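Written out below as structure tokens is the structure these notes cover.
The structure presented is a predicted model; accordingly, all values stated were derived computationally and were not measured.
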Amino acid sequence: MPYPRSYNGTATKPLYHGCSLARKTLARKNLKGYLLPGLHNVNKMNVDQVLEPTLKAILDAIQPLSDDWRVRSEIIQELQDVVRSVESLRGATVEPFGSFVSNLFTRWGDLDISVTLSNRSCISSAGKKCKQKLLGELLRALRQKGGWHRLQFIPNARVPILTSESAHQNISCDISIDNLHGHIKSKLLFWINEIDGRFRQMILLVKEWAKTHNINNPKAGTFNSYSLSLLVIFHFQTCAPAILPPLQALYPRSATNDLIGLRADAERNIAEICASNIMEYRSSKYRAINRSSLSGLFLSFLAKFSDIHLKSKELGICPFTGQWEDVKSNMRWLPRTYSLFIEDPFEQPENTARAVSAGNLIKISEAFRTTYQQLATANQTRISILGTLVRPHISHFIAGIPVGNRSYPNVQHGSTCPVRSAIHSPLNCTNVRKDRRPNRKENYSSSSAKQNPGIHPKNLNVQQQERFSNKSTNQRPVKQYNSAVQHVWRPKPYI
């Protein structure tokens, strides 16, 4: 029997090819999404009428507004001023990465910052001891400057970091030195985000849900946000029909290995390869379109990983191939020293879930399972769903109750400034403000969302923003405002 055809018409092996009978059964069950033992009694009417609009309301509450972009840009500039005051960091630049660059952050999300030394045009990295020394000096400068709280230096981490909390809305910042790997991974996630607008929506919902259940804290032995993003990618690869391809179809090798030579040339090469492969994937006539609702994708995500503590004993998650991989037969992952393996597709064979402990893995599985069971029942209300998916201050925000905790912006629901910043491309930044209208009818497809416009990675030298020609996945009308110009971060061009 011939193998099914891939998006570009070539024959591909099914996800469970070469596995034992037990693993074939496991893979088939996962491909069906809902059909996992004890997790198939979904009340569709309740999902359509209650869960779907509640998820949209949550997104409206947690998506960043123009002020959230502005505040983060001010923090970056303030940190740049501090860096200039440190003699050993003269000439260094402050560059954000992580969810701020990939546009996958929520209103209360952290800010990842890299201090790039001496505007280096050639790719090189300071040694760990040098990074520790420089961060120590930056710590002293921040204390002297004032306005930065909860300063903590973590010198012995895999990547030494300095954590702090800015006086601007108490936004937490993680500061590192020469973190070029973090930059390129952020850009790759941004480009993946352009394939389908539901990807960003799912990331935001999953992050908030994970924080609500205390499973988004690597310091406490649970997921980091990058691992959660890879879980969403893997879910989109293994649902039926698939929304995303195996990431090897977008970039055929570990991207961080290609960060050599001139930085501008290396990043341009990676961007052009990704751009070409993304366009090929999106325009393929062989690709089946997944039209699942956001609530359907969220429920099947919870179901798929509800027994992750059992699967992880034999299988690892590999977004690069888009498959569950047998840990024992994968030589890159041996010797097995982690409770859960989620391979970094851009820096193989690094395990992004290395912080997850065995005890917390059971807690994580329980969070997936109990949330699914609660959402799938027929008697769910908007209030009960909010209590399951979001933290109290966000639930109050959605309900219009003033938030008394000073750790969060005191913005009333239904503010007279209902604007949201556009995606900031890693290569260019523009300012497009959008109308915030709840309960818009969605037309899901595999094309990118116009709520997420950005510079195509292939057009590195084009100054004007170009939009993809396909229709939006989550299109919202653009409303023009003549008020104050929004401050955005613009990366310094390489010379």
Checklist entry - Is the Phe97 ring parallel, tilted or perpendicular to the His183 ring (thresholds 30°, 60°)? => result tilted
Checklist entry - Got a donor-acceptor contact below 3.5 angstrom from the Arg287 side chain to the Tyr281 backbone? => result yes
Next on the checklist: Could you check whether any side-chain heavy atom of Tyr251 comes within less than 4.5 Å of a side-chain heavy atom of Asp258, counting everything from C-beta outward?
Outcome noted: yes
Checklist entry - Knowing that exactly one of Phe199, Phe234, Phe368 qualifies, which makes a ring-ring contact (aromatic ring centres under 6.0 Å, His included) with Phe301? => result Phe368
Item to check | Distance in Å, Gln380 CD paired with Leu51 CG, rounded so as to fall on 0.5 Å steps | outcome: 8.5 Å
Next on the checklist: Is there a side-chain contact between Gln63 and Gln201 in this structure, where contact means two heavy atoms from C-beta onward sitting under 4.5 Å apart?
Outcome noted: no
Next on the checklist: Can you tell me how the ring of Phe298 sits relative to the ring of Trp209, calling it parallel under 30°, perpendicular over 60° and tilted otherwise?
Outcome noted: perpendicular
Checklist entry - Does Arg282 pair with Glu194 as a salt bridge, N-O distance under 4.0 Å? => result no
Item to check | Exercise: do Ser276 and Glu280 side chains pair donor with acceptor under 3.5 Å | outcome: no
Checklist entry - Quick one: NE2 on His235 to CG on Leu230, what's the gap to the nearest 0.5 Å? => result 14.5 Å
Item to check | Partners passing side-chain hydrogen bond (donor to acceptor under 3.5 Å, both in side chains) against Asp110 (at least two apart in sequence or in another chain) | outcome: none
Item to check | Stepwise side-chain hydrogen bond (donor to acceptor under 3.5 Å, both in side chains) check, Thr377 with Gln373 | outcome: CA-CA 6 Å; Thr377 58; Gln373 291 173 336; over 6 Å; no
Item to check | Asp68 versus Gln169, closest heavy-atom pair with distance | outcome: OD1-OE1, 4.0 Å
Item to check | Glu325/Lys311 under salt bridge (Lys or Arg N to Asp or Glu O under 4.0 Å): CA gap, chis, key distance, verdict | outcome: CA-CA 10 Å; Glu325 298 277 358; Lys311 292 189 182 83; over 6 Å; no
Checklist entry - Mind checking whether Trp69 and Phe100 have ring centres under 6.0 Å apart? => result yes
Item to check | Glu343 side chain reached by Ile317 side chain, heavy atoms, under 4.5 Å | outcome: no
Item to check | Note, Phe223 side chain near Leu340 side chain (heavy atom, < 4.5 Å) | outcome: yes
Item to check | Heavy-atom donor-acceptor pair, Ser365 side chain to Ile362 backbone, under 3.5 Å | outcome: no
Next on the checklist: Within the 4.5 Å heavy-atom criterion, are Gln237 and Leu247 side-chain neighbours or not?
Outcome noted: yes
Next on the checklist: Checking the side chain of Asn351 only, and the main-chain atoms of Ile342 only, is there a donor and an acceptor separated by less than 3.5 Å?
Outcome noted: yes
Item to check | Residues that Thr370 engages under side-chain hydrogen bond (donor to acceptor under 3.5 Å, both in side chains), provided they are two or more places apart | outcome: none
Next on the checklist: Using the rule given for side-chain hydrogen bond (donor to acceptor under 3.5 Å, both in side chains), can you reason through Ser227 versus Thr352, listing the C-alpha separation, both sets of side-chain angles and the distance that settles it, and then say yes or no?
Outcome noted: CA-CA 6 Å; Ser227 292; Thr352 65; 3.0 Å; yes
Checklist entry - Is it true that Glu347 and Arg158 have a side-chain N and a carboxylate O under 4.0 angstrom from each other? => result yes
Next on the checklist: Rounded at 0.5 Å granularity, tell me how far CG in Leu204 sits from CD1 in Ile62.
Outcome noted: 5.0 Å
Checklist entry - Given Ile398 and Ile58, is the side-chain contact (heavy atoms from CB on, under 4.5 Å) satisfied, shown in steps? => result CA-CA 7 Å; Ile398 294 172; Ile58 293 172; 3.9 Å; yes
Item to check | N-O pairing of Lys185 and Asp344 below 4.0 Å | outcome: yes
Item to check | Atom of Gly322, atom of Pro246 and distance for their closest heavy-atom approach | outcome: N-CB, 4.0 Å
Item to check | Sidechain-backbone polar pair: Ser176 side chain, Asn179 backbone, donor-acceptor under 3.5 Å | outcome: no
Checklist entry - Does the side-chain hydrogen bond (donor to acceptor under 3.5 Å, both in side chains) test come out yes or no for Lys187 and Ser102, once each step is laid out? => result CA-CA 6 Å; Lys187 293 178 181 180; Ser102 58; over 6 Å; no
Checklist outcome for this item: Taking every heavy atom of Gly182 against every heavy atom of Ser186, the minimum-distance pair comes out as O-OG, 2.7 Å
Next on the checklist: If you define the side chain from C-beta out and look only at heavy atoms, does anything of Leu244 sit under 4.5 Å from Leu250?
Outcome noted: no
Next on the checklist: To the nearest 0.5 Å, what is the distance between CE on Met202 and CD1 on Ile243?
Outcome noted: 8.5 Å
Checklist entry - Between Asn216 and Asn224, which heavy-atom pair has the shortest distance, and what is it? => result ND2-C, 3.6 Å
Item to check | Stepwise side-chain contact (heavy atoms from CB on, under 4.5 Å) test for Leu104 and Leu189 | outcome: CA-CA 9 Å; Leu104 299 175; Leu189 287 178; 4.2 Å; yes
Checklist entry - Just by modelled atom types, is the Ala303 backbone N or O under 3.5 Å from a matching donor or acceptor in the Ser306 side chain? => result yes
Checklist outcome for this item: Taking every heavy atom of Leu302 against every heavy atom of Thr371, the minimum-distance pair comes out as CD1-CG2, 3.6 Å
Next on the checklist: Distance check, rounded to the nearest 0.5 Å: Arg107 atom CZ versus Leu65 atom CG?
Outcome noted: 4.0 Å
Item to check | side-chain hydrogen bond (donor to acceptor under 3.5 Å, both in side chains) evaluation trace for Gln348 with Arg253 | outcome: CA-CA 9 Å; Gln348 303 163 47; Arg253 51 193 174 272; over 6 Å; no
Checklist entry - Does the Ser395 side chain pair with the main chain of Arg391, one donor and one acceptor, at a distance under 3.5 Å? => result no
Next on the checklist: side-chain contact (heavy atoms from CB on, under 4.5 Å), that's the test. Do Ile270 and Ile184 meet it? Break it down for me.
Outcome noted: CA-CA 9 Å; Ile270 293 172; Ile184 199 64; 4.0 Å; yes
Checklist entry - Are the charged groups of Asp196 and Arg198 less than 4.0 angstrom apart, N to O? => result yes
Next on the checklist: Using every non-hydrogen atom in the two residues, find where Arg332 and Cys318 come nearest and quote the distance to one decimal.
Outcome noted: NH2-SG, 4.3 Å
Checklist entry - Do Leu205 and Leu294 come close enough that some side-chain heavy atom pair is under 4.5 Å? => result yes
Checklist entry - How long is the gap from CG on Asp307 to CD on Glu366, to the nearest 0.5 Å? => result 12.0 Å
Next on the checklist: Donor-acceptor pair, distance only, cut-off 3.5 Å: does the side chain of Glu52 make one with the backbone of Ser295?
Outcome noted: yes
Next on the checklist: For a 4.5 angstrom cut-off between non-hydrogen side-chain atoms, does Leu389 reach Thr212?
Outcome noted: no
Checklist entry - Passes side-chain contact (heavy atoms from CB on, under 4.5 Å), Leu188 versus Cys274? Steps please. => result CA-CA 8 Å; Leu188 286 159; Cys274 287; 3.4 Å; yes
